[in-house]
Amino acid sequence: MKRFLIFPCVVCLVFGLLVGILLPIDLWGENAPPVMGMANTFPPPPSDSSSSVSSPASSSQAAPLDPAENFPLLAAACSVNRCFQQQNWSGLADYVHPDLGVTFTPYSTVERDSDLTFTADQIKGLAQDQTVYTWGFEDGRGDPIQMTVMQYFERYVYNRDYTQAPEIGVDRIITGGNALENLAEAYPGCRFVDFSFPSADPVNDGMDWSSLKLVFQPAETRWYLVGVVHGEWTI
């Protein structure tokens, strides 16, 4: 399977052409932002579980999914990214795999046996979930990562606005460090999109990179979210 690196200008062009020509629905909405950076490449998420955009309720009427096509995968990843940005948990839950749930990994190395997995129903109510979970161990220090879901999301999922990520990789890790990158092995049969900030400040020489990797499993008519892998520079 080929791996791709997508830059913002390419994403804007492809999304603009395909959405305008091929799709019968408006993914952008009436309040689409102007063409600036990555902002207008992210279609808004479904407002509720009955939405007609990539929702399970409408999947029975959708065309069969071709897992080799990049556009449906990228569209799903961009929608999930927007759900995180807007804290639209009902919209996010619509993308979560109904049987496998979604697994969260705080650093680049996926540990399927110990990483925490949440169901779609749990995702819908996570804003009210005050449970302190153990998500893994801090790199370098070894202290347990004990946080509520919202605290974890702020630190190990959406630590930056990834709708503004300057580089996007389809089935390709944009930036890596000392940690083992085993995403492909941990999720066989799946594909992923890497939203990456290779560097926030050139002065730091890349030692401030971070990424949000979204892993999807194909179904008959759509992509389901099964993994959320946070990456960052580690010691």
Side-chain angles (χ1 to χ4, degrees), residues 1-16 18-19 23 27-28 37-46 53-54 65-86 88 91-97 100-110 115 123 153 156-176 179 181-198 209-219 221-232:
M1 182 179 295
K2 294 183 179 179
R3 299 185 176 187
F4 297 88
L5 171 62
I6 297 179
F7 292 94
C9 59
V10 177
V11 175
C12 291
L13 177 60
V14 172
F15 265 67
L18 291 179
V19 169
L23 295 185
L27 291 179
W28 308 109
M38 291 290 292
N40 72 322
T41 68
F42 291 82
V53 181
S54 300
L65 176 70
D66 181 354
E69 289 186 2
N70 290 326
F71 178 74
L73 172 66
L74 191 56
C78 289
S79 294
V80 168
N81 192 335
R82 181 70 82 185
C83 286
F84 279 122
Q85 184 208 42
Q86 298 181 348
N88 181 356
L92 179 63
D94 284 339
Y95 287 93
V96 173
H97 196 287
L100 301 177
V102 55
T103 301
F104 294 91
T105 302
Y107 297 105
S108 297
T109 305
V110 179
D115 291 342
I123 293 296
F153 276 25
Y156 288 102
V157 177
Y158 224 73
N159 59 311
R160 294 182 180 175
D161 183 359
Y162 286 100
T163 66
Q164 303 299 314
E167 296 186 30
I168 303 175
V170 177
D171 296 324
R172 175 179 176 182
I173 302 295
I174 301 297
T175 308
E181 296 281 0
N182 67 336
L183 186 156
E185 292 76 18
Y187 291 97
C190 297
R191 299 186 66 188
F192 68 92
V193 177
D194 183 1
F195 297 93
S196 178
F197 283 91
W209 71 269
S210 68
S211 66
L212 173 66
K213 294 184 277 287
L214 303 176
V215 189
F216 293 85
Q217 179 165 304
T221 60
R222 57 173 295 175
W223 289 100
Y224 278 110
L225 181 70
V226 293
V228 177
V229 181
H230 169 78
E232 66 180 32

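The residues of the chain are indexed from 1 along the displayed sequence. For clarity, every value in this text was computed on a predicted model and none was experimentally measured.
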Test log, rule side-chain contact (heavy atoms from CB on, under 4.5 Å), inputs Val226 and Cys190: CA-CA 9 Å; Val226 293; Cys190 297; 4.1 Å; yes
Check the pair Tyr95, Trp223 against side-chain contact (heavy atoms from CB on, under 4.5 Å), reporting the backbone distance first and the verdict last. CA-CA 8 Å; Tyr95 287 93; Trp223 289 100; over 6 Å; no
Do Lys213 and Ile173 pass the side-chain contact (heavy atoms from CB on, under 4.5 Å) test, and can you show the C-alpha distance, the side-chain angles, and the key distance before you say yes or no? CA-CA 8 Å; Lys213 294 184 277 287; Ile173 302 295; 3.3 Å; yes
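Using a 4.5 Å cut-off on side-chain heavy atoms (C-beta onward), Phe216 and Val80 make contact. For the pair Phe195/Leu214, a side-chain contact is recorded, criterion being any heavy-atom separation below 4.5 Å from C-beta on. Taking 4.5 Å as the limit, some side-chain heavy atom of Ile174 sits within range of a side-chain heavy atom of Pro198. Looking only at side-chain heavy atoms (C-beta outward), Phe84 and Val228 come within less than 4.5 Å of each other. Residues Asp115 and Pro106 are in side-chain contact: their nearest non-hydrogen atoms beyond the backbone lie under 4.5 Å apart. Under the 4.5 Å side-chain criterion, counting only non-hydrogen atoms from C-beta, Glu167 is not in contact with Asp194. Considering only heavy atoms from C-beta on, Asn70 comes within 4.5 Å of Arg191 through its side chain.
Applying the side-chain hydrogen bond (donor to acceptor under 3.5 Å, both in side chains) test to Asp161 and every residue at least two apart in sequence or in another chain returns Gln85, Tyr158, Thr163. Applying the side-chain hydrogen bond (donor to acceptor under 3.5 Å, both in side chains) criterion to Glu181, with sequence neighbours excluded, gives Ser108. For Thr103, the side-chain hydrogen bond (donor to acceptor under 3.5 Å, both in side chains) partners are Thr117, not counting sequence neighbours. By the side-chain contact (heavy atoms from CB on, under 4.5 Å) test, Glu69 is found to be paired with Asp66, Pro72, residues two or more places apart in sequence or in another chain being considered. Taking Tyr156 as the reference, Tyr107, Tyr152, His230 meet the ring pair (Phe, Tyr, Trp, His ring centres under 6.0 Å) condition, with sequence neighbours excluded. In this view, Phe104 and Phe118, Phe153 satisfy the ring pair (Phe, Tyr, Trp, His ring centres under 6.0 Å) rule, not counting sequence neighbours.
Taken from CZ in Arg222 to CG in Leu73, the straight-line distance is 12.5 Å, to the nearest 0.5 Å. Here the straight-line distance linking atom CD1 of Ile168 with atom CG of Asn81 works out to 8.0 Å at 0.5 Å rounding. Taking CZ of Phe197 as the start and CG of Leu212 as the end, the distance is 10.0 Å to the nearest 0.5 Å.
For the pair Arg160 and Tyr162, the cation-pi test (distance below 6.0 Å, angle within 45°) is failed.
The heavy-atom pair separating Asn182 from Val110 by the smallest distance is OD1-N, 2.7 Å. Closest non-hydrogen pair, Ser196 versus Thr175, comes out as OG-OG1, 3.4 Å. Considering all non-hydrogen atoms of both residues, Leu92 and Cys83 come closest at N-SG, 3.5 Å. Nearest heavy atom pair, residue Leu65 against residue Pro67, reads O-CD, 3.3 Å.
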